[in-house]
Asker: 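Structure incoming, see below.
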There are 2 protein chains.
Amino acid sequence: MAIETGGWVTMGEVAERAGVSKITVSRVLRSPDKVKQETRERVRAAIAELGYVPDEAAGGLSSRRSRIVGAVISTLAGSTFASTVDGLGDRLRQNGHQLLLAGTDYSSAREADAVAAMLGRRPDGLVLTSTTHRDDTRRTLEASRIPVVEIWELPVDPIGYAVGFSNRDAGAAMARHLLAAGRRRMAFIGTAGEDDRRGRLRYDGFAEVLEQSGVAEVRATAAASGTQTARGARGLAAVLERWPDTDAVFCSSDTLALGALSEARRRGLTVPEDIAIAGFGDFEFAGEFGLGLTTVRVPGPDIGEVAAQLILDVNAGLEPPSRTVDLGFQVIARATT
Amino acid sequence: MAIETGGWVTMGEVAERAGVSKITVSRVLRSPDKVKQETRERVRAAIAELGYVPDEAAGGLSSRRSRIVGAVISTLAGSTFASTVDGLGDRLRQNGHQLLLAGTDYSSAREADAVAAMLGRRPDGLVLTSTTHRDDTRRTLEASRIPVVEIWELPVDPIGYAVGFSNRDAGAAMARHLLAAGRRRMAFIGTAGEDDRRGRLRYDGFAEVLEQSGVAEVRATAAASGTQTARGARGLAAVLERWPDTDAVFCSSDTLALGALSEARRRGLTVPEDIAIAGFGDFEFAGEFGLGLTTVRVPGPDIGEVAAQLILDVNAGLEPPSRTVDLGFQVIARATT
DNA sequence: TTGAAAGCGCTACCAT
DNA sequence: ATGGTAGCGCTTTCAA
């Protein structure tokens, strides 16, 4: 039965109503077992009657714990990071923390702004999807002494911690898969934007294996604008124009692969007979009841959960066994290769 | 050249360094033109030298404006709301606000928790993807006097404001499209979860038009578990088993439609000759260079931007012309119908 | 144009 | 088991 005051009920008002002091109300909220059961119940009743909602900002100011974790994500659309953010938010919620989100659209200038804005909230931790930052961003982060977790890649020298997998190894694994399937003239289709860092790593691993195999050739292309599917389609067109004998393409994302698939169909090519097509990410649409696309599955939600746990642990004084957590990946062979 | 103090630089330290009082520093930050240019520059220099980052929580406590907006989203995965959250965050950022995010996984109990947690931050506004809430959630929200925007549907009696489109009308529009394409024995495939509210509305509009047409029949099915694509596939299987003469299916999401498409292929059916398939959402994979799926396009990013702007406006004292903003939708006819 | 004092709502610290 | 006091870092209000 919340009483409408037009403003917010304060802890003092709850205390008065319960006939105790503010600090006792605070204890009922933060460490209930330090309060005698009878008192506790009286306070809880007052809280309920008044519809009291503790002001976390005030609490954080005092305790120097904001219970906020910031996530700086390149973009939610494209669905790459969506499940990671879900996992992150979930684990934080379970531990009484909240998630502050900012998007950068793959711009390191916007990343810098987002980081600055988040630091203004004195977050208990920060999660970044990018692993390349402006120098000043990195310095600011290092100076902040806040636990920082870079995700979706394993940088050699992380700012704080890293949770993800090796994009390079993933590219290499796909190369081996295609080699084993008998493919020899393979192309890589990526994007040419700023978001291409991870794609570049996938390409590097892919190309290295092929070169070392001594039996296969590599070709690469990237389209710079348009939707991802359009880029995939144009990418495949470009590849086939230049290297008509290509027998397999590895796309830097499932969405690109879908574009390539549609282009192949348009050209009357049969997949995988005429050409094999593989993607990256194992998005839902790539699955068994969708495209049936060969791809690389990465542990999206786990990355978020582990990143959150790392921050919680560090703040609880636990020293993590390692600054880097490799969650691996898995090549999923389906019907397109 | 941030000086490493191990802690955080305060406004007082900046003030001391610049030889002014705290309030002057505050003014340089919040209303620079109230400070003489020379002083302003001195303060700005001090800020830069010390690497000062204002504590927004302290500022908010004092000014009673948190510059935080909360978004309570059912889920990011599935990509339905991803672009909306991007749009929301973007517009907020442009106006110096930050986005607090919580997921509910379509549970109204978790929605209640998320709302309570957010109220603890004294947000300047709240955005909810759900339009069905627990009674106590709704009461709490109403009592909070915070601008609340429900999105992705237009409830008859919104808590505060609503930004979206009519799911019912969208279903009706698709029915008309399929009727015009000569289809007569149509099925609806939805999901049976708690997330089915909007799907239900789409179905209602769809069914109503078909019934009123007098020439077409409606069938409906829903699969309760598994991935969306799996549900789509099983949905189509169920429909064809029970009503083998079905000549069109309208799926409550593009992902379901993809599942249906894969099932149709598996059964050797030609789309759209043997059966027409339509989806909802116009996800990227449905597009021209993807599936080429007939679907309903909804203004995802716009919904986020308009919701953000509404909150900003209300807090700026502007009275919005209407409590409800209908952003519409569009039937996109492609190759599957 | 600038400043001093008071206070936002809470928790840390030290008592009792 | 409970409370008093001080103070977190900022902005508001009122003065100068």
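Below, read A as the first sequence line, B as the second, and so on, with proteins coming before strands; counting in each chain starts at 1.
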Asker: Under a 4.0 Å threshold between the charged nitrogen and the carboxylate oxygen, would A/Asp105 count as salt-bridged to B/Arg93?
Answerer: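 Looking at A/Asp105 together with B/Arg93, the answer is no, because their closest N to O distance does not fall below 4.0 Å.
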Asker: Mind calculating the distance between NZ (B/Lys22) and P (C/dT2) to the nearest angstrom?
Answerer: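 Distance, rounded to whole Å: 18 Å.
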Asker: To the nearest 0.5 Å, what is the distance between CG (B/Leu76) and CG (A/Leu76)?
Answerer: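 Rounded to the nearest 0.5 Å, the CG-CG separation comes out at 4.5 Å.
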Asker: For A/Ser26 and B/Val20, find the nucleotide of DNA chain C closest to each by heavy atoms; which residue's nucleotide sits nearer the 5' end?
Answerer: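 Nearest-nucleotide comparison on DNA chain C picks B/Val20.
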Asker: Considering only NZ, NE, NH1 and NH2 on the basic side and carboxylate oxygens on the acidic side, decide whether A/Arg138 and A/Glu142 come within less than 4.0 Å.
Answerer: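 Answer for the salt bridge query: yes.
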Asker: Determine yes or no for a side-chain-to-main-chain donor-acceptor pair under 3.5 angstrom, with B/Glu41 supplying the side chain and B/Glu38 the backbone.
Answerer: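 No, B/Glu41 side chain to B/Glu38 backbone: no donor-acceptor pair under 3.5 Å.
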Asker: Going 5' to 3' along DNA chain D, between which two nucleotides do contacts with chain A fall, using a heavy-atom cut-off of 4.0 Å?
Answerer: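 Going 5' to 3' along DNA chain D, contacts run D/dA1 to D/dG9.
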Asker: What are the residues of residues 32-42 of chain A, sorted by number, that bring a heavy atom to within less than 4.0 Å of DNA chain D?
Answerer: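 By residue number: A/Lys34, A/Val35, A/Lys36, A/Thr39.
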Asker: For B/Glu56, run the salt bridge (Lys or Arg N to Asp or Glu O under 4.0 Å) check against B/Arg121, B/Arg30, B/Arg65 and tell me which one passes.
Answerer: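 Exactly one option meets the salt bridge (Lys or Arg N to Asp or Glu O under 4.0 Å) with B/Glu56, and it is B/Arg30.
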Asker: Examine distances only and state if a side-chain atom of A/Arg122 and a backbone atom of A/Leu119 form a donor-acceptor pair shorter than 3.5 Å.
Answerer: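 Flag set: sc A/Arg122 to bb A/Leu119 pair under 3.5 Å.
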Asker: Would you classify A/Arg30 as touching base, sugar-phosphate or nothing, given that sugar-phosphate means primed atoms plus P, OP1 and OP2, and contacts are heavy atoms under 4.0 Å?
Answerer: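 Sugar-phosphate: the residue A/Arg30, judged by heavy atoms under 4.0 Å, touches backbone atoms but no base.
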Asker: Tell me the closest heavy-atom pair linking B/Gly164 and B/Leu154, and the distance in Å.
Answerer: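 Shortest heavy-atom contact: N-CD2, 3.6 Å.
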Asker: Please work out which residues in residues 52-68 of chain A have a non-hydrogen atom less than 4.0 Å from an atom of DNA chain C and list them by number.
Answerer: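 Within residues 52-68 of chain A, the residues near DNA chain C are A/Tyr52, A/Pro54, A/Asp55, A/Ala58, A/Gly59, A/Leu61, A/Ser62, A/Ser63.
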Asker: What I want to find out is whether A/Arg110 reaches B/Asp90 closely enough, with some N-O distance under 4.0 Å, to be called a salt bridge.
Answerer: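 B/Asp90 and A/Arg110: salt-bridged.
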Asker: Under 3.5 Å, side chain of A/Gln309 to main-chain N/O of A/Arg91, donor-acceptor pair present?
Answerer: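 Flag not set: sc A/Gln309 to bb A/Arg91 has no pair under 3.5 Å.
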Asker: Can you tell me how far C1' of C/dG9 sits from CD of A/Glu16, to the nearest Å?
Answerer: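 My rounded result for the distance is 15 Å.
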Asker: Quick one: B/Leu119 CG to C/dG9 P, roughly how many Å, whole number?
Answerer: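 B/Leu119 atom CG is separated from C/dG9 atom P by 16 Å.
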Asker: Whole Å only: how far is the CH2 atom of A/Trp8 from the C1' atom of C/dC10?
Answerer: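 Value for this atom pair: 15 Å.
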Asker: What is the minimum heavy-atom distance between A/Thr80 and A/Trp152, and which atoms define it?
Answerer: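 That closest heavy-atom pairing would be O-CZ2, 3.3 Å.
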Asker: Counting distance only, does the side-chain N/O of B/Ser74 pair as donor-acceptor with the main-chain N or O of B/Thr104 below 3.5 Å?
Answerer: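 Side chain of B/Ser74 to backbone of B/Thr104, a donor-acceptor pair under 3.5 Å: no, none is there.
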